[in-house]
Peer 1: 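Sharing a structure with you now.
In listed order, ligands and their atoms are each counted from 1.
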Amino acid sequence: MKKNIIAVAMIIAIMGMILPASVFAADKPKYAIVFKNTGNPYGEKQLEGFKAGIEEQGYEAILRAPDLPTAEAQIQIIEQLIAQRVAAICIVGNDYDALQPVLTKATKAGIKVFSLDSSVNPASRLTHVNQADSEKIGQTLIAAASDMAGGKGEIAILSATSQASNQNIWIDFMKKELAKPQYANLKLVKIAYGDDLRDKSVSETEALLRSYPNLKVIIAPTTVGIAAAAKVVTDKKLVGKVLITGLGLPSEMAEYIDNGACPYMFLWNPIDVGYLGAYTGVALVTGKIKGAVGDKFAAGRLGNYTITKAPDGGTEVLLGPPFKFDKANIADWKKVY
Ligand code: RAM
């Protein structure tokens, strides 16, 4: 008996020496994340956090994003991931409803599907990893615009794509907020879409400035849009006349906070959003949670989380409150993300 055990142990040891590590790695469950599109530093940080969270739990991460932020392009990637038999798909949706057929197909193939950052509809997901309270983001951005406009005048929104569900939810809450009596003198003149593409965001900002010469504030609830808008205002020497606020990446916005184009802005830590997604995915695959209200799980260095009801009727995991960035703290944060 003892001899047999020793023989088996020796065989395992020899196999470990002669077989490449990839043979063993091939059995590791794969966790995929699909961002909106490539070329967005915010997205890269989110993917980096997801990868770190998956790998520290001993699994393999697959990081994907199409060239353009469309639902069609994400559908192709999801089809490939289904064929690859991944354990989970974490989708940053380019459309709230259009991904439902392919995500349902993934679910039927036994893949745990959930969204992050930009949600898909509740029928397509087990839960959603939300970066911050959507209503509070809307309220905070309108309060900031009102503050910068001195309580009255024209404001505009420069968003991502017209289909991006995260931006659309925030814009809906901004509109609700604007309907309150204290904002009666603020006029939202236009919602423009830069599609989270740098050049399009620049040309949309230029068009806003041409069409609305009295514009006081542009709110860009997208890191690509806010950086483009601040650059245009700076290049056109309009700093102080038109102010920019919204959701920005400190590393991209530091120079525009320093030069006054953007007095202050908000964001969460995108690395943490991805990292929380990684722990949500593993908790779903291992059966620790189902994505139901009240489900609890531990998310590594971030601590404990509980799934709650989302405003759209589905469920969500909320990372925490957003941070405010201004001249006083931007120098420290621009090095972090
Ligand atoms: C852009 C993307 C992302 C959003 C941030 C605020 O990078 O649209 O989805 O969460 O802005």
Peer 1: Pull out every atom of ligand 1 sitting under 4.0 Å from any heavy atom of Asn166, numbered as shown with elements.
Peer 2: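 Going through ligand 1 atom by atom, the ones under 4.0 Å from Asn166 are 3 (C), 4 (C), 9 (O), 10 (O).
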Peer 1: With a cut-off of 6.0 Å (strictly less than), are more than 12 heavy atoms of other residues, nucleotides or ligands near NZ of Lys288?
Peer 2: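 Atom NZ in Lys288 is not packed in, count stays at 12 or less.
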Peer 1: Looking only at N/O atoms, are Trp170 and ligand 1 under 3.5 Å apart anywhere?
Peer 2: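 In this structure, Trp170 places no N or O atom under 3.5 Å from an N or O of ligand 1.
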Peer 1: Please list, in number order, the atoms of ligand 1 under 4.0 Å from a heavy atom of Gln131.
Peer 2: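 Under 4.0 Å from Gln131, ligand 1 has these atoms: 10 (O).
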Peer 1: Between Arg210 and Glu206, does any NZ, NE, NH1 or NH2 come within less than 4.0 Å of an OD or OE carboxylate oxygen?
Peer 2: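 No, no charged N to carboxylate O under 4.0 Å.
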Peer 1: Where on Leu249 is there a heavy atom closer than 4.0 Å to ligand 1, on the side chain, on the backbone, on both, or on neither?
Peer 2: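 Answer for Leu249: neither.
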Peer 1: Taking 4.0 Å as the limit for heavy-atom contacts, which would you say applies to Thr223 with ligand 1: side chain only, backbone only, both, or neither?
Peer 2: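 Thr223 to ligand 1: contacts from backbone and side chain alike.
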Peer 1: When you check the gap from the basic side-chain N to the acidic O, do Lys176 and Glu135 get nearer than 4.0 Å?
Peer 2: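 No, this pair does not count.
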Peer 1: Would you check, one step at a time, whether the test side-chain hydrogen bond (donor to acceptor under 3.5 Å, both in side chains) holds for Gln100 with Asn121?
Peer 2: CA-CA 8 Å; Gln100 189 172 337; Asn121 67 26; 2.8 Å; yes
Peer 1: Is there any ring-ring contact (aromatic ring centres under 6.0 Å, His included) pair reaching into residues 150-182, and which pairs are they, with sequence neighbours excluded?
Peer 2: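 Checked against ring-ring contact (aromatic ring centres under 6.0 Å, His included) - neighbours excluded - the pairs reaching residues 150-182 are Trp170-Trp268.
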Peer 1: Show the atoms of ligand 1 that are less than 4.0 angstrom away from any heavy atom in Asn40.
Peer 2: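 This gives 1 (C), 2 (C), 7 (O) as the contact atoms.
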Peer 1: Taking all non-hydrogen atoms of both residues, which atom of Ser119 and which atom of Arg125 are closest, and how far apart?
Peer 2: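 Between these two residues, the closest heavy atoms are CB-NH1, 3.9 Å.
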Peer 1: Kindly confirm or rule out an N or O of Lys36 lying under 3.5 angstrom from an N or O of ligand 1.
Peer 2: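 Such a contact does occur with ligand 1.
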Peer 1: Can you find a non-hydrogen atom of Gln167 under 4.0 Å from ligand 1?
Peer 2: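 Judged by the 4.0 Å heavy-atom criterion, Gln167 does count as contacting ligand 1.
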Peer 1: Give me the other members of the hydrophobic cluster that Val34 sits in, counting Ile, Leu, Val, Met, Phe, Trp and Tyr linked by side-chain heavy atoms under 4.5 Å, directly or via other members.
Peer 2: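 Other cluster members: Ile62, Ile75, Ile77, Ile78, Leu81, Ile82, Val86, Ile89, Ile91, Leu99, Val102, Leu103, Ile111, Val113, Val120.
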Peer 1: Under 4.0 Å from a heavy atom of Asp196: give me the atoms of ligand 1 that qualify, with their elements.
Peer 2: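 The atoms of ligand 1 under 4.0 Å from a heavy atom of Asp196 are 1 (C), 2 (C), 8 (O).
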Peer 1: Can you tell me which residue and heavy atom of the protein come closest to atom 9 (O) of ligand 1, and the distance to 0.1 Å?
Peer 2: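 Residue, atom and distance for the closest contact: Asp117 OD2, 2.5 Å.
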